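Working notes, beginning with the structure itself.
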Protein chains: 2
Amino acid sequence: MKQIWGVCTLDEEFVKREDALKNYNVSDYKTPDGYTSDIAIFTISPKDDQSQEQVLKLLLIKRAMKNAEGEPNIEGGKWALPGGFIDAHNKETAMMAAERELKEETGIDGIFLKHFGVYDEIDRDPRGWIISNAHYAVVNEKHLIYRKASDDAQEVELFSIDDVFSLPLAFDHERIIKDAYEMIKEDMIQTTVAKEFLPEEFTLSELWHVIVSVASHDAIETNANFHRKARNLKFIEEALDENGKVKTAKRFSKKPTKLYRFNDVQVLKSIYR
Amino acid sequence: MKQIWGVCTLDEEFVKREDALKNYNVSDYKTPDGYTSDIAIFTISPKDDQSQEQVLKLLLIKRAMKNAEGEPNIEGGKWALPGGFIDAHNKETAMMAAERELKEETGIDGIFLKHFGVYDEIDRDPRGWIISNAHYAVVNEKHLIYRKASDDAQEVELFSIDDVFSLPLAFDHERIIKDAYEMIKEDMIQTTVAKEFLPEEFTLSELWHVIVSVASHDAIETNANFHRKARNLKFIEEALDENGKVKTAKRFSKKPTKLYRFNDVQVLKSIYR
DNA sequence: ATAATAGTGTCTATTAGACAGTATGGG
DNA sequence: CCCATACTGTCTAATAGACACTATTAT
């Protein structure tokens, strides 16, 4: 590395910012007409009122036919991911804007949120060159009732993921939702994101049903074998009460079940081992 | 889904684009001052002239002290990732711009390239609100000689990844490079990206050394056990010649070695299995 | 008692992983 | 023959995965 430092003396090592900024003309390049964040908000809830089968669902908003001024709204009447423009006046990043939007939808902070892609094709939005940062979030269903109650001006609906693609979707949101779905299925298998769907303390059966409803049966043992295997998984542990005894609860059965919790252990499975 | 479709009659189902665009005023929001792509170009090559130990290296460019007009250049004298502004006049996306830049650096098309993050903090660049799309690429070292030869106006250098963080780095490129390094280590373990460092046909030892030099010994068996295990890996297969016999080659030893190739099988290792 | 969920027992086959040993061929 | 690399043998312990079986308790 010595030859690198040899080319200039110390006091002219770097250009000073104030010298450089005088000469910079940003207008040589076309700049985006808009910079937005969109969020695919996932939850798991029963398929319908009768069934107790849990399925993955996605929250969508029906775009209003008319905007605030009473004029026709762009892509009005179609279903879209919640999202909006990034408030750069308040020094927002795409992630911060997504967090803000997510709080507006759910009323709570601290929800799991992951950036998974950028959609920047020049004609993806007829209003101009509008760049979307795509995120997905995982929310317990109870928090989504908040939004339905707090703002009935817009139609908000939870759709089973399999129903989503038969809806009329705004902009390129079909592509974005497909990518979000692929991403969450992968993460469900390779990361501990399953915990975002579960309470702090959960039963092995609850965990098993989350994995199966998002990914597939291939991702996990049969329920019976999973019980035996669970004790070897490094990233979950039994939930203990103040006396050090394993906590139990009744969930789906009459027999009390042991409760587990995720710990902070990170796992990475190598394809070469 | 029936109640969704009940709210409006068919011929006013969606707003027509031409009606909506008349009312849209994009200037309500601050727009970015620049939209760029940066690329962390990785290669593997011998640590130094003496050693035959292979290490992961990163290509960096030393920013010129003066710009084309002979004025002081922003962040001049510091090392930076190759990259530049997205050419929206030519309908480029961030990915296309990265591909273009990568071709400029290497002279060839079709190199592995992956988008892994967006850096959009409002003050990450003193010139204004300039958004960077970060990618990483994997190139065989031989293609990087091209760039050194084709443009000696700029200083281009390959650094061992461990040396990079003692350099003066422009903008927030230290953060971006750290993230790129974490990402490639993870991908090396969980995906078949290792193939991008290797020729079409390679020996098991070559593959083994790639994994170890990027990830760690934990990601893979010992060299001896890996040989036995290799035949059970779904995503590699023996390279056959036209007579259906396994091809061999001499690489590091006198004894000829079997050649392997990656096939198209995708693997996802579940943490729950 | 029954039903429903929560586990456990048990068996066979395969895999993990350490370590030592054999194979090849240029010098 | 020596050496470096490329494998292969072999052993023990652990895991995979199928399937049958037991456990608990509200009804």
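Quick note on labels: first sequence line is chain A, next is B, and so on, each numbered from 1. The shown structure was predicted, so the numbers you read here are calculated from the model rather than taken from an experiment.
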By nearest-nucleotide position on DNA chain D, the 5'-leaning member of A/Lys250 and B/Arg231 is B/Arg231

Would you say A/Met183 and A/Asp179 make side-chain contact, with heavy atoms under 4.5 Å?
-> no

(Q) Is a donor from one side chain sitting under 3.5 angstrom from an acceptor on the other, for B/Ser45 and B/Lys57? (A) yes

For B/Arg231, the salt bridge (Lys or Arg N to Asp or Glu O under 4.0 Å) test, sequence neighbours excluded, returns none

Residues in residues 265-273 of chain B with a heavy atom under 4.0 Å of DNA chain C, by number, are none

A/Asp264 meets the side chain to side chain donor-acceptor pair (under 3.5 Å) criterion, sequence neighbours left out, with none

Note: contacts of residues 217-226 of chain B with DNA chain C (heavy atom, under 4.0 Å) are B/Glu221, B/Asn225

Residues at least two apart in sequence or cross-chain that pass ring-ring contact (aromatic ring centres under 6.0 Å, His included) with A/Phe112, listed by chain then number, are A/Tyr136

The ring-ring contact (aromatic ring centres under 6.0 Å, His included) partners of B/His115 (sequence neighbours excluded) come to B/His135

Only one of A/Val267, A/Leu233, A/Ile211, A/Ile220 passes side-chain contact (heavy atoms from CB on, under 4.5 Å) with B/Ile271, and that residue is A/Val267

Sorted by chain and number, sequence neighbours left out, side-chain contact (heavy atoms from CB on, under 4.5 Å) with A/Lys178 holds for A/Phe165, A/Glu174, A/Arg175

task: Would you indicate what A/Ser205 reaches in the nucleic acid, counting non-hydrogen atoms under 4.0 angstrom: base, sugar-phosphate, or nothing?
output: sugar-phosphate

Taking C-beta and beyond as the side chain, do A/Leu144 and A/Leu158 meet within less than 4.5 Å on heavy atoms?
yes

inquiry  = I want to check something: taking the side chain as every heavy atom from C-beta on, are B/Asp38 and B/His173 in contact at a cut-off of under 4.5 Å?
reply    = yes

The correct set of residues in residues 254-263 of chain B placing a heavy atom under 4.0 Å from DNA chain D is B/Lys255, B/Thr257, B/Lys258

Contacted region of DNA chain D by chain B, from 5' end to 3' end of the hits, cut-off under 4.0 Å to heavy atoms, spans D/dT5 to D/dG17

Quick note, ring pair (Phe, Tyr, Trp, His ring centres under 6.0 Å) partners involving residues 254-273 of chain B, not counting sequence neighbours, are A/Phe235-B/Tyr272, B/Phe202-B/Phe262

note: B/Arg228, atom CZ; C/dA18, atom P; distance rounded to Å ~ 11 Å

So salt bridge (charged side-chain N to carboxylate O under 4.0 Å, His left out) across residues 209-220 of chain B, not counting sequence neighbours, yields none

Whole-Å distance, B/His227 NE2 to C/dA23 P, equals 16 Å

So salt bridge (charged side-chain N to carboxylate O under 4.0 Å, His left out) across residues 188-202 of chain B, not counting sequence neighbours, yields B/Glu200-B/Arg261, B/Glu201-B/Lys247, B/Glu201-B/Arg261

